[in-house]
Amino acid sequence: MKEQVEKALNSQIQKEGQSSHFYLAMANWAERQGLNGTSSFMYKQSDEERFHMLKLVKFVNERGGRALIPSFEKPQEEFESLMHVFELLLEHEIKVTESINKLVEVCLQEKDYTTHNFIQWYLAEQLEEEAQARTILDKAKLVGEDKAGLYLFDRDLENSAIQIQPANTVNPET
Ligand code: OFO
């Protein structure tokens, strides 16, 4: 595996793991607020990000590279509100998309078409996750500070009523 590609993939491994950590902190905060739907949703998001990290680790090793298990920054523990959580979620996903785009650029510069092909899955995933985060944030904005609205929002999130199912449903075996 080319050095630059390996470096970029290891950097992405760190970002996916950091995302998992960040979302775990959000789940933990939501659980403490009694927002069980939001907390279930964020625990699930955290698991998905960990899966994204593992998928990269395996890919690097299978292609003869050396995956590095990263350390993570301590995520913030407190959030101002439910809306704040979803604002940060969207902001974070936008940054991850930028990072995946940079990874694509490195693959093309290095003419590593196998990795380029592998990364397409992440691009599709980011599209879905950004759309999902936008939808939920729009709903959170509509609800604002209304207590009854917050209750329904959280309950709907628990029942997945306002989640968008990815078109290419994630299969951990692929
Ligand atoms: Fe890893 O899928 Fe978003 O961040």
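Heavy-atom basis, side chains included; hydrogens, waters and symmetry copies ignored. Read the numbers this way: they start at 1 and go in the same order the structure lists the ligands and their atoms.
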Peer 1: Hey, what's the ring geometry for H52 with W121, parallel, tilted or perpendicular (30° and 60° as the breaks)?
Peer 2: perpendicular

Peer 1: Which of parallel (below 30°), tilted (30 to 60°) and perpendicular (above 60°) describes H21 and F72?
Peer 2: tilted

Peer 1: One pair per line, please: each N/O atom of ligand 1 matched with every protein N/O atom under 3.5 Å away, atom names first, then the distance to 0.1 Å.
Peer 2:
unit_1   : atom_1 : unit_2 : atom_2 : d
ligand 1 : 2 (O)  : E49    : OE1    : 3.1
ligand 1 : 2 (O)  : E49    : OE2    : 3.1
ligand 1 : 2 (O)  : H52    : ND1    : 2.9
ligand 1 : 2 (O)  : Q126   : OE1    : 2.8
ligand 1 : 2 (O)  : E129   : OE1    : 2.4
ligand 1 : 2 (O)  : E129   : OE2    : 3.3
ligand 1 : 4 (O)  : E49    : OE1    : 3.3
ligand 1 : 4 (O)  : E49    : OE2    : 3.0
ligand 1 : 4 (O)  : E93    : OE1    : 2.8
ligand 1 : 4 (O)  : E93    : OE2    : 3.1
ligand 1 : 4 (O)  : Q126   : OE1    : 3.2

Peer 1: Do K2 and E6 sit within salt-bridge range, that is, some charged N less than 4.0 Å from a carboxylate O?
Peer 2: no

Peer 1: Between K7 and E110, is there a side-chain N and carboxylate O pair less than 4.0 Å apart?
Peer 2: no

Peer 1: Determine, for E48 against K44, whether the closest basic-nitrogen to carboxylate-oxygen distance falls under 4.0 angstrom.
Peer 2: yes

Peer 1: Show the numbers, then the answer: is there a salt bridge (Lys or Arg N to Asp or Glu O under 4.0 Å) between K55 and E125?
Peer 2: CA-CA 13 Å; K55 194 173 160 92; E125 186 69 10; over 6 Å; no

